[in-house]
Structure formats: structure tokens, C-alpha cells
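So the structure is just underneath, and the comments pick up after that.
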Amino acid sequence: MSAEETFEKELTANDVGETNSHQAGIHIPKSQKDLLAFLPELDPSVKNPDAWLVATDDAGIEWKFRYIYYNNKYHSDRGTRDEYRITHMTKALRALGASAGDTLSIAGVPRSGKIRIKIRRDDEPETRDTSASVETPQPVRVKLAGWRKVH
DNA sequence: AGCCATGCACCG
DNA sequence: CGGTGCATGGCT
């Protein structure tokens, strides 16, 4: 049987759309070969190949995420992108109450295209204010290391 | 309004 | 300089 694997990533402000960027998704560090192997295969010879994922949260709700490989760096003259991304997560992240600094867990059987997502907020010391006293325009640049695999 | 695709900024 | 976060413009 293909055992399930779990990955986690600390969400950045940009990932959750807290920085005015309509990214609608998160970024995936290329260093995470395991995660890339866990996700569906994308053909590098094709420009911006994509695949759809089906994610289920704790509430049993199913979300559809778009897993893309932006590689115009190798397919366009002045392309600069060479990265993986998962988009279409805005609604899901909102429903899960995700915010920058939270940890997103992804579990599932490798290559199945189906995952289970979960939000874990342990890196939050006291950032619980309900934007009532958000006068501090803190440079919310999260310095994260990316994903980590949990065997 | 939300997403796609891409460029730029910043940091190690 | 590569990789990742941030941001923008255009298209749907």
C-alpha cells in the first residue's frame, strides 16, 4: 500500500493574501523534491503545466486546488519564472482561518491528487488581535524555510 | 472580483 | 546569483 505522507509549510503573508497580492495561492520551494514527488507529475517540457488537486479539510469540505509549474524561464525569451505554485486557495484558506505564520499541513497518498489539509497555528505568540489595533505596519516578511516532510 | 501569468524585490 | 516573497497588469 502506498502509505500516506504529510507535509507542512508555514504560510507567508503573500500565501494567504495578506499583502495585497491577488496570488490566490501559495508558493512551493523547489528544494522540496519530496513534496514535488508527492504531488502529481508535471511535464517540464510544457510551458506552465498544471494539475488539479482535491483537498479535504477537517470539516469534510472538498476544495479544488490548481497545482502549477510556472516555467516560462525555459520557454520564453525573457522569462524569469521557474517555480511551483498552488492556486485557488483563497476561499479554502479563509474558511480554515489561515493567516501568515500558520502552518499548513498536507497529507495524502503520493501522486493520488487527493490531499487532506489542515491549519495549525502554533507559531502565533500573541498575534491574535482582531485588527482592532493594527496600527503597526510591520513588514510581515516571513522568513520561512519552506516545507518539511513528516514521516 | 477573482485568477492567471509574469516581473521585480529582497535575502541568504 | 539563485530562490522565494511580494506585487502588478491583464484577462476571464
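Residue numbers start from 1 in every chain, and the chains themselves are labelled A, B, ... in the order their sequence lines are given, proteins ahead of strands.
- Set against C:dT4, B:dT6, B:dG7, the side chain of A:Thr80 has B:dG7 as its closest nucleotide.
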| said: Between A:Glu83 and A:His27, does the side chain to side chain contact (heavy atoms under 4.5 Å, CB included) criterion hold? Intermediate values first, please. | reply: CA-CA 8 Å; A:Glu83 69 181 41; A:His27 173 265; 3.7 Å; yes
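- Distance CD1 (A:Ile28) to C1' (C:dG2): 18 Å, rounded to an integer number of Å.
- When distances are taken from the side chain of A:Ile68 to each of B:dC3, B:dA5, C:dT4, the shortest belongs to B:dA5.
- Distances were taken from every side-chain heavy atom of A:Lys30 (C-beta onward) to each of C:dG3, B:dG7, B:dC3; the shortest belongs to C:dG3.
- For the residue pair A:Tyr69 / A:Asp43, no side-chain donor-acceptor distance below 3.5 Å is found, with atom types taken as modelled.
- A:Ser76 comes within 4.0 angstrom of nothing in the nucleic acid, heavy atoms only.
- If you check every strand for non-hydrogen atoms under 4.0 Å, A:Thr87 touches sugar and phosphate atoms only.
- Between the side chains of A:Lys114 and A:Thr56, no donor-acceptor pair of N or O atoms lies under 3.5 Å.
- For the pair A:Tyr69 OH and C:dG3 C1', the interatomic distance rounds to 12 Å; values are reported in whole Å.
- Note: CH2 (A:Trp52) to P (B:dC3) measures 9 Å, nearest angstrom.
- Judged by distance alone, the side chains of A:Asp82 and A:Tyr70 never bring a donor and an acceptor atom under 3.5 Å apart.
- When the side-chain nitrogen and oxygen atoms of A:Lys47 are compared with OP1 and OP2 of B:dC4, none of them lie within a distance under 4.0 Å.
- Checking the phosphate oxygens (OP1, OP2) of B:dC4, a side-chain nitrogen or oxygen of A:Arg66 falls inside 4.0 Å.
- In this structure, A:Asn48 reaches the sugar-phosphate backbone alone: every heavy-atom distance under 4.0 Å involves primed, P, OP1 or OP2 atoms, never a base.
- Contact between the side-chain N/O atoms of A:His27 and the OP1/OP2 oxygens of C:dG5 is found at a separation under 4.0 Å.
- Protein atom NE2 of A:His88 is 14 Å distant from nucleotide atom P of C:dT12, rounded to whole Å.
- In this structure, A:His88 and A:Trp52 have perpendicular ring planes: the angle between them is above 60°, well past the 30° mark.
- Distances shorter than 4.0 Å separate none of the side-chain N or O atoms of A:Asn71 from OP1 or OP2 on B:dA5.
- Atoms OH (A:Tyr74) and P (B:dT6) sit 15 Å apart, rounded to a whole Å.
- The side chain of A:Arg85 lies closest to B:dA5 when the candidates are C:dG5, B:dA5, B:dC3.
- Residue-level contact check: A:Lys73 touches neither bases nor backbone, having no heavy atom under 4.0 Å from any strand.
- Between the C1' atom of B:dA5 and the OH atom of A:Tyr84 lies a distance of 17 Å, rounded to the nearest Å.
- The base of B:dA5 is paired with the side chain of A:Gln23 by a donor and an acceptor separated by under 3.5 Å.
- Following rounding to the nearest Å, A:Ile86 (CD1) and C:dG5 (C1') show an atom-to-atom distance of 16 Å.
- Within 4.0 Å of A:Gly25, counting heavy atoms only, lies no atom of the nucleic acid at all.
- In terms of modelled atom types and a separation under 3.5 Å, the side chain of A:Asn72 and the main chain of A:His75 share no donor-acceptor contact.
- Here the P atom of nucleotide C:dA7 and the CD atom of A:Glu83 are 15 Å apart, to the nearest Å.
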